[in-house]
Amino acid sequence: MKIVIVGGVAGGATAAARLRRLDENAEIIVFERSGFVSYANCGLPYYIGGVIEKKEELTLQTPESFRRRFNVDMRVRHEVTKINPERKTVYVTNLVTGESFEESYDKLILSPGARPVRPDFPGIESDKIFTLRTVEDTYKIKDYINANKPSSAVVVGGGFIGIEAAENLKGLGVDVTLVEAMNQLMAPFDYDIAAFIHAEVRRKGVNLVLGRKLQGFKPDGESLEVSIEDGLGIKADMVILAMGVSPDTAIAKDAGLKLGIKGSIVVNEHMQTSDPDIYAVGDAVQIKNFVTGKDALISLAGPANKQGRVAADNICGLNSSYNGGQGSSVIKIFSLTAASTGINERTAKSLGIECDKVILSPSSHAGYYPGGKVMTLKLVFEKGSYRILGAQIAGYDGVDKRIDVLATAIRAGMKAYELVELDLAYAPPYSSAKDPVNMAGFMAENIKNGIVKQWYYEDVDSLPMDGSVTLLDVRTHSEYARGHIEGFINIPVDSLRERISELDSSKPVYVICQSGVRSYIATRILMGRGFESYNFAGGFRFYDAVRNDKALAERSTLCGMDAN
């Protein structure tokens with residue numbers, strides 16, 4: 001059997017290695033248009049910043065090492081320009097010599113990846129404007145920085161690559177402005193959790209411009225002027241475009257393969273295209289979202305590698321399936337770690353899914369052991385069924401392991417309240433006896449059992465101020481004095497029983513504390529005395545972070561530039 005693979009990075013390289021492990025006699029040829037195979041896209045910004053020091057550390061294999069270990073004919077700088085499904089051949093151009101030739105196949109795997117979005121803006125042809133997708137892109141940016149020593153840069157795009165590029169440029173001493181057309185960074189997160197990301201980015205000195213679209217570029221002496229909506233112009237010595245990617249599927253379209261979202265290749269659960277002898281994997285394919293069951297594009301390395309394995313299995317006669325992705329991801333943002341899995345609240349509501357949430361601010365490990373750091377965890381679940389829809393966490397330690405537990409819980413079909421049953425490892429330096437994941441489960445269980453009712457950040461501005469409800473802050477007097485929501489009276493939780501006669505039991509009570517723990521205790525005291533009471537999800541710390549971020553965004557709109 002002869003298998004041709006188009007693309008030798010994540011999905012293609014994985015498929016080639018798996019094919020060889022399953023079939024020692026197959027002829028396997030990989031055509032990769034760049035000069036590198038099996039490289040880590042996610043590591044590219046860190047080479048620019050000098051965190052990864054050696055070029056060779058960016059590639060897991062070279063064409064030669066791959067050939068030695070797997071006996072795979074790995075041909076770099078070869079571009080497949082056309083597929084002929086009837087003849088079962090591909091047309092290939094050697095990008096070094098210019099030679100073109102036709103190669104036959106029994107089975108074909110397409111792993112062409114995606115191209116960075118590079119809109120046709122005025123001035124886009126400048127040699128000071130870069131994209132960051134391949135190893136060659138990385139070397140080009142690094143060489144430009146070494147040669148020109150830029151003092152300022154604009155990064156356009158607030159996703160993974162944009163934030164990582166901004167962080168690494170900042171680490172080189174470059175004055176960085178990060179521009180994002182949405183009103184927040186990191187689309188997988190809800191705005192409220194993204195507020196913690198914004199705070200970290202600002203705290204590290206990056207100029208943040210949110211909610212404004214890029215309009216073009218024009219020369220300004222030795223620099224560029226980057227034109228943004230609302231007449232804003234930002235001078236920069238270089239620009240990195242990280243505005244997302246689009247599936248690179250021109251040859252699939254020309255071959256008549258069925259296409260889906262944004263021109264992606266439609267595949268079944270076996271990664272088989274509309275042509276039974278052609279498979280496709282990676283960023284170029286349309287898959288199912290595991291949580292919603294709807295068609296989706298998920299451009300992440302983990303899914304691409306799994307899909308490559310599934311395609312190879314089926315070509316070799318194994319009945320292997322890819323059952324969808326849930327977008328589990330984690331990102332380092334200076335000192336902060338942010339992670340998500342599943343869908344966020346915004347997406348759930350846009351799909352008409354009735355959902356609820358719990359928001360908590362646990363410590364990364366036992367409070368009595370030194371060095372614990374607070375994280376913010378948001379768990380989103382379906383009302384009624386308590387099916388976990390997704391989770392988001394922002395913090396400084398222990399974030400990654402909690403998101404992995406929650407990602408596993410989603411894949412296992414667990415209910416939110418069933419998280420209480422997870423038997424998770426505990427020792428004071430690593431966790432608490434009640435792990436944050438368990439705590440999220442306890443909170444969901446309390447909601448299910450009617451032990452607590454919640455109110456939310458989005459309810460704050462609509463709270464009645466006519467005296468028909470009681471607004472109660474149960475933090476200490478000093479905490480209250482440092483900042484509180486207008487209209488809230490202050491009775492510390494430890495004084496509540498003695499002072500409960502000061503409250504009108506005929507009025508609903510909306511309670512808040514710093515993290516949600518003391519206010520929960522207060523609601524139980526109040527409910528035990530016949531009050532109708534509601535606990536604020538997330539606590540004042542959460543409220544303050546989101547409100548401050550919104551205030552900065554509003555001020556930047558008025559001033560024409562984000563305040564840091």
Side-chain angles (χ1 to χ4, degrees), residues 158-159 180-198 210-211 244 261-262 286-300 324-329 338-361 376-394 403 406-407 409-411 413-419 440-441 443-448 452-463 510 516 534-539 542-543 545-547 549-550 553-554:
E180 167 55 50
M182 290 177 59
N183 70 339
Q184 68 168 78
L185 301 176
M186 294 300 295
F189 293 80
D190 287 313
Y191 181 92
D192 48 17
I193 303 298
F196 293 91
I197 298 173
H198 302 164
L210 299 174
I261 301 170
K262 295 183 179 180
Q286 173 180 290
I287 62 170
K288 294 292 182 184
N289 184 295
F290 182 80
V291 175
T292 66
K294 295 185 178 299
D295 294 331
L297 295 177
I298 298 179
S299 299
L300 294 169
Q326 60 199 66
S328 300
S329 63
S340 69
T341 186
I343 62 172
N344 56 32
E345 181 183 8
R346 180 180 67 251
T347 300
K349 288 181 175 178
S350 72
L351 294 173
I353 301 173
E354 284 197 68
C355 62
D356 204 346
K357 60 195 172 189
V358 294
I359 301 165
L360 57 156
S361 300
T376 301
L377 190 161
K378 179 176 183 178
L379 180 73
V380 182
F381 52 90
E382 188 175 36
K383 282 187 177 179
S385 73
Y386 287 83
R387 176 172 67 103
I388 303 173
L389 300 174
Q392 304 153 57
I393 312 176
I403 208 70
L406 291 165
I410 290 173
R411 186 63 57 156
M414 293 182 68
K415 309 294 187 183
Y417 56 82
E418 291 177 330
L419 296 174
M443 294 167 72
E445 184 182 55
N446 282 341
I447 294 170
K448 173 178 176 288
V452 68
K453 297 177 181 178
Q454 296 191 112
W455 66 287
Y456 308 98
Y457 177 87
E458 54 267 30
D459 300 326
V460 172
D461 292 335
S462 60
L463 286 175
Y510 289 79
Y534 299 86
N535 186 26
F536 182 76
F542 176 79
Y543 164 86
V546 180
R547 181 56 58 102
D549 189 70
K550 285 184 177 290
E554 289 170 5

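Atom OG of residue Ser462 and atom CH2 of residue Trp455 lie 9.0 Å apart, to the nearest 0.5 angstrom. Interatomic distance, Lys383 NZ to Leu389 CG, rounded to the nearest 0.5 Å: 12.0 Å. Annotation: the span from Ile343 atom CD1 to Lys294 atom NZ amounts to 10.0 Å, rounded to 0.5 Å. Note that the CG atom of Leu419 and the CG atom of Leu406 stand 6.0 Å from one another [nearest 0.5 Å]. If you take CZ on Phe196 and NZ on Lys378, they are separated by 11.0 Å, rounding to the nearest 0.5 Å. Between atom OG1 of residue Thr292 and atom CD1 of residue Ile353 there is a gap of 6.5 Å, rounded to the nearest 0.5 Å.
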Please assess His198 against Leu210 for the test side chain to side chain contact (heavy atoms under 4.5 Å, CB included), listing each intermediate value before the final yes or no. CA-CA 10 Å; His198 302 164; Leu210 299 174; 3.7 Å; yes

Does the side chain to side chain contact (heavy atoms under 4.5 Å, CB included) test come out yes or no for Ile287 and Leu297, once each step is laid out? CA-CA 6 Å; Ile287 62 170; Leu297 295 177; over 6 Å; no

Before you tell me yes or no, could you show the steps for Ile359 and Leu377 under side chain to side chain contact (heavy atoms under 4.5 Å, CB included), namely the whole-Å CA-CA distance, both residues' side-chain angles and the distance that decides it to 0.1 Å? CA-CA 6 Å; Ile359 301 165; Leu377 190 161; over 6 Å; no

Derivation of the side chain to side chain contact (heavy atoms under 4.5 Å, CB included) call for Cys355 and Glu345: CA-CA 7 Å; Cys355 62; Glu345 181 183 8; 4.0 Å; yes

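No donor-acceptor distance shorter than 3.5 angstrom exists from the side chain of Asn446 to the backbone of Val452, with no hydrogens or angles considered. Side chain of Arg346 to backbone of Pro188: no donor-acceptor contact under 3.5 angstrom is found. Side chain of Gln392 to backbone of Asp190: a donor-acceptor contact under 3.5 angstrom is found. With hydrogens and angles disregarded, no donor-acceptor distance shorter than 3.5 Å links the side chain of Asp549 to the backbone of Val546. Distance alone, capped at 3.5 Å, is enough to place a donor-acceptor pair between the Gln184 side chain and the Met186 backbone. Listed for the Gln326 side chain is no donor-acceptor partner under 3.5 Å among the backbone atoms of Gly342.
By the 6.0 Å and 45° rule, Lys415 does not stack over the aromatic ring of Tyr386. Judged by a 6.0 Å distance limit and a 45° cone about the ring axis, Arg411 is positioned over the six-membered ring of Phe290. Taking the ring centre of Phe381 as origin, the terminal cationic atom of Lys357 falls outside the region bounded by 6.0 Å and 45° from the ring axis.
Residues Asn344 and Thr347 have side chains that bring a donor and an acceptor to within less than 3.5 angstrom of each other. Between Asn535 and Gln454, the side chains place no donor N or O within less than 3.5 Å of an acceptor N or O (distance only, hydrogens not considered). A side-chain donor-acceptor contact under 3.5 Å links Tyr456 and Asp356.
The shortest non-hydrogen separation linking Gly293 to Lys288 is O-CD, 3.5 Å. Residues Glu180 and Gly158 share a closest heavy-atom pair of OE1-N, 2.7 Å. Pairing each heavy atom of Ile261 with each of Ala296, the nearest pair is CD1-N, 3.8 Å. The shortest heavy-atom contact between Tyr191 and Asn183 is CE1-O, 3.4 Å. Looking at every heavy atom in both residues, Ala407 comes nearest to Thr341 through CB-OG1, 3.5 Å. What you find for Ala440 and Leu379 is that their closest heavy atoms are CB-CD2, 4.1 Å.
Ion pairing of Lys349 with Glu354 is absent here, as no side-chain N (NZ or NE/NH1/NH2) approaches a carboxylate O to less than 4.0 Å.
Ring geometry for Phe536 versus Phe542: interplanar angle of 30 to 60°, hence tilted.
With contacts defined as side-chain heavy-atom distances shorter than 4.5 Å, the pair Thr376/Ile393 does not qualify. The shortest distance between side-chain heavy atoms of Val291 and Arg387 falls below 4.5 Å.
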